[in-house]
Amino acid sequence: MTTTFARRSAALLACAAFGFATSAYAQDKTVKIGVLNDMSSLYADIGGPNSVAAVKMAVEDSGLKAKGWTIEVLSGDHQNKPDIGVNIARQWIDADKVDAIADTPSSGVALAVSNLVKEKNAVLLNSGAATADLTGKACTPNTVSFTYDTYMLANGTGKALTKAGGDSWFFLTADYAFGHALERDTGAVVTATGGKVLGGVKHPLNTADFSSFLLQAQSSKAKIIGLANAGGDTTNAIKQAAEFGIVQGGQKLAALLLFINDVHSLGLKTAQGLTFTESFYWDLNDQTREWSKRFQKVSPKGSMPSMTVAGLYAEILHYLKAMEALGSNPHDGAKVVAKMKELPTDDPLFGKGPLRADGRRLIPAYLFEVKKPEESKGPWDYYKLVATIAPDDAAKPLKDSDCPLVKK
């Protein structure tokens with residue numbers, strides 16, 4: 001009798017404890033976000049500490065802290081190495097209970113972290129990595145990409161330059177997932193638009209000397225030399241191309257991924273005339289100007305935001321909007337992403353646009369040209385708008401998607 005009573009008491013206590021834990025879990029309003037990017041190398045100016053500043057701005061602007069939520073922001077340097085990125089992400093998720101990994105420039109890192117996030121049922125909020133495979137063949141229910149991808153870049157810059165008469169191309173390509181995807185997607189657009197790809201050469205990430213690669217591009221006689229790289233690699237290639245007199249010799253450089261921080265680093269004298277595609281520019285309208293000037297005040301370097309930094313801000317806002325709509329943190333990444341796709345996106349930087357089944361946000365893209373020094377009216381006044389690309393043209397059509405989440 002005593003044994004039976006003891007067992008029943010223990011069972012009742014266990015149920016009560018379970019009920020209390022479940023109730024507490026249901027009311028969990030704690031969120032941890034890990035900003036994972038390049039803090040010290042060739043992509044640090046594009047994101048780096050600026051990305052952390054943008055995430056913290058989004059947390060404040062979400063208003064959730066005033067509603068009783070606790071939101072913590074961590075940061076880590078993946079050094080552009082997938083193994084290091086995955087190790088940091090694993091530590092964050094397993095030990096620090098991080099809910100979402102954010103930013104992830106370097107497509108190799110992003111693809112590896114996306115797999116881990118799916119395995120752990122966390123969230124990947126990608127803004128920095130360009131590969132379209134993240135919302136294509138490598139898509140998962142736990143990953144979203146807000147800002148841009150290689151399809152957008154190819155269909156912006158690649159198509160425009162080919163249509164304008166640049167119908168022969170040679171590629172200088174960063175030798176990892178991003179560069180390969182950008183060359184692949186741009187080459188496909190060039191060919192579809194009636195141009196020819198005459199060849200290409202791949203260079204190691206973070207290359208200091210581009211002379212041998214530029215000589216191959218020069219000897220190809222291609223009208224367009226496509227730079228399928230980013231950050232320090234792009235600026236180094238452009239500077240050294242100027243030393244070789246490549247543009248003066250009649251060939252045109254296509255910076256397939258160029259950021260405002262790159263133009264700032266190069267200076268207008270060197271960068272003038274470059275054509276490129278972005279989804280954000282600080283001086284687009286009153287809302288982008290107001291936010292960008294706010295951002296500049298908190299930027300560690302006092303710089304204007306890059307496209308990926310702006311996209312990260314918008315992405316975090318929408319992620320936290322989904323958390324609020326759920327009422328608490330379910331600690332279920334796929335569930336949070338599903339809610340993000342369900343809710344309409346609307347922010348001051350990109351406006352409205354759906355988050356599709358494949359995890360790609362639909363937003364417009366813009367074809368820009370770098371101003372001549374005499375055209376600039378002041379600091380950071382670097383771009384002139386050439387054309388606006390409709391959201392449906394800036395993203396790969398769902399009917400052509402190879403994402404397993406897309407029903408056809």
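Hydrogens, waters and symmetry mates play no part in the numbers below; they use all other heavy atoms, side chains included.
- With hydrogens and angles ignored, the 3.5 Å screen pairs a side-chain donor or acceptor of Q296 with a backbone N or O of G302.
- Aromatic pair Y383/F276: ring centres closer than 6.0 Å.
- The residue from T157, L258, I238 that alone fulfils the side-chain contact (heavy atoms from CB on, under 4.5 Å) condition with L227 is I238.
- With hydrogens and angles disregarded, a donor-acceptor distance shorter than 3.5 Å links the side chain of T288 to the backbone of L284.
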Taking only distance into account, with no hydrogens and no angle test, what donor-acceptor pairs under 3.5 Å do side-chain atoms of residues 52-64 form with protein atoms, sequence neighbours excluded?
residue, atom, partner, partner atom, Å
E60, OE2, K65, NZ, 3.2
D61, OD1, R294, NH2, 3.0
D61, OD2, R294, NH1, 3.3
D61, OD2, R294, NH2, 3.0
D61, OD2, Y313, OH, 2.6
S62, OG, V59, O, 2.7
S62, OG, L64, N, 3.2

### Query
When you look at M39 and S75, which way does the side-chain contact (heavy atoms from CB on, under 4.5 Å) test go after all the steps?
CA-CA 9 Å; M39 290 283 180; S75 63; 3.7 Å; yes
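- Partners of D286 by salt bridge (charged side-chain N to carboxylate O under 4.0 Å, His left out), not counting sequence neighbours, listed by chain and number: R289.
- Checking side-chain atoms of T186 against main-chain N and O of L182 turns up a donor-acceptor pair under 3.5 Å.
- Taking the six-membered ring where tryptophan is involved, the planes of F259 and Y148 are perpendicular, since the angle between them exceeds 60° and thus also 30°.
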### Task
Test side-chain hydrogen bond (donor to acceptor under 3.5 Å, both in side chains) on N37 and D77 and set out the steps.
CA-CA 5 Å; N37 64 21; D77 186 348; over 6 Å; no
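- At most 12 non-hydrogen atoms from other residues, nucleotides or ligands lie less than 6.0 angstrom from NZ of K221.
- Among P105, S106, S40, the single residue meeting the side-chain contact (heavy atoms from CB on, under 4.5 Å) criterion with N80 is S106.
- Note that CG of L257 is 8.5 Å distant from CG of N229, once rounded to the nearest 0.5 Å.
- Surrounding NZ of K81 are at most 12 heavy atoms belonging to other residues, nucleotides or ligands under 6.0 Å away.
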#### Entry: Derivation and outcome, ring pair (Phe, Tyr, Trp, His ring centres under 6.0 Å), residues Y366 and Y281
CA-CA 9 Å; Y366 307 94; Y281 176 46; 9.4 Å; no
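- Under 3.5 Å, the side chains of S299 and N50 contain a donor-acceptor pair of N or O atoms.
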#### Entry: side-chain hydrogen bond (donor to acceptor under 3.5 Å, both in side chains) assessment of T150 paired with T131
CA-CA 5 Å; T150 50; T131 178; 5.0 Å; no
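- S401 and D358 are not linked by any side-chain donor-acceptor pair at a separation below 3.5 angstrom, with hydrogens and angles left out of the test.
- Distance alone, capped at 3.5 Å, is enough to place a donor-acceptor pair between the E375 side chain and the K372 backbone.
- Distance NZ/K159 to OG1/T193: 6.0 Å, rounded to 0.5 Å.
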### Task
For side-chain hydrogen bond (donor to acceptor under 3.5 Å, both in side chains), just list the numbers for T173 and E183, CA-CA rounded to whole Å, side-chain angles, deciding distance to a tenth of an Å, and then say yes or no.
CA-CA 7 Å; T173 302; E183 180 182 340; 2.6 Å; yes
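- Listed for the T207 side chain is no donor-acceptor partner under 3.5 Å among the backbone atoms of F210.
- D175 places no side-chain N or O within donor-acceptor distance of the main-chain N or O of P204, the cut-off being under 3.5 Å.
- Atom NZ of K120 has more than 12 neighbouring heavy atoms from other residues, nucleotides or ligands inside a 6.0 Å radius.
- Here the side chain of H318 pairs a donor or acceptor atom with the backbone of M340 at under 3.5 angstrom.
- The aromatic rings of Y176 and Y43 sit tilted relative to each other, their planes meeting at an angle between 30° and 60°.
- Side-chain atoms of D96 never come within 3.5 Å of backbone atoms of V98 as a donor-acceptor pair (strictly under, hydrogens ignored).
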### Task
Step by step, work out the salt bridge (charged side-chain N to carboxylate O under 4.0 Å, His left out) result for K67 and E324.
CA-CA 10 Å; K67 297 176 182 178; E324 184 175 18; 2.6 Å; yes
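- Side-chain contact, S220 with W169: no donor N or O sits under 3.5 Å from an acceptor N or O.
- Panel note: side chain T235, backbone G232; a donor-acceptor pair is recorded below 3.5 Å.
- Between the side chains of S145 and N126, at least one donor N or O lies within less than 3.5 Å of an accepting N or O.
- No donor-acceptor pair closer than 3.5 Å links the side chain of S265 to the backbone N or O of N261.
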### Task
Go through the steps to decide whether K341 and L405 satisfy the test side-chain contact (heavy atoms from CB on, under 4.5 Å), and finish with yes or no.
CA-CA 12 Å; K341 292 175 181 177; L405 303 174; 4.0 Å; yes
